[in-house]
Amino acid sequence: MLDLIKYVVNQFAEDKENVEFNVKEKEHVIEVTVVLSPSDMGKVIGKQGKIAKALRTLVRSATPANEKRYVIEIREKGGEAVDVDAE
């Protein structure tokens, strides 16, 4: 699943060398934090968060029912997380 997330993010990010993927496994959740350079934030999130929401929907749909749930967080280097999901 991480490969899918990396693939989608790298399609939109221009500064691919500075993209970081931090993964933390918890009891029922796998948290993936994507850290981007400031210039790539808008490109990866998209207008009104549409790309980020689509990525989350894609990952949720591709995850089997009995597997851990993935939570994707998008951060700017040195900045705070951006929450574009209204779940």
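Below, all heavy atoms of this structure are taken into account, side chains as well, without hydrogens, waters or symmetry copies. Residue numbers run from 1 in the order of the sequence given.
Taking CD1 from I30 and CZ from R69, the interatomic distance works out to 11.0 Å, rounded to the nearest 0.5 Å.
Cluster annotation: V71 is not connected to V9 through the hydrophobic network of ILVMFWY side chains, with a link wherever side-chain heavy atoms come within less than 4.5 Å. Tracing side-chain contacts under 4.5 Å through hydrophobic residues (I, L, V, M, F, W, Y), one reaches M1 starting from F12; they form part of the same cluster. Transitive grouping of hydrophobic side chains (ILVMFWY, heavy atoms separated by less than 4.5 Å) brings L2 and L55 into a common cluster. Hydrophobic clustering, with ILVMFWY side chains joined whenever heavy atoms are under 4.5 angstrom apart, keeps I5 apart from V29.
For K47, there are no salt bridge (charged side-chain N to carboxylate O under 4.0 Å, His left out) partners at least two apart in sequence or on another chain.
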Identify every side-chain donor-acceptor pair in residues 14-23 under 3.5 Å, counting partners at least two apart or on other chains, and give the distances.
residue: D15; atom: OD1; partner: N18; partner atom: ND2; Å: 3.2
residue: D15; atom: OD2; partner: N18; partner atom: ND2; Å: 2.7
residue: K16; atom: NZ; partner: N10; partner atom: O; Å: 2.9
residue: K16; atom: NZ; partner: A13; partner atom: O; Å: 2.6
residue: E20; atom: OE2; partner: K77; partner atom: NZ; Å: 3.1

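Test E31, E25, E27 against K68 for side chain to side chain donor-acceptor pair (under 3.5 Å) and you get one pass: E25.
By the 4.5 Å heavy-atom criterion applied to side chains, I74 and M41 are counted as neighbours. In this structure, the side chains of V44 and V34 stay at 4.5 Å or more apart for every pair of heavy atoms.
At least one donor-acceptor pair closer than 3.5 Å links the side chain of R56 to the backbone N or O of I72.
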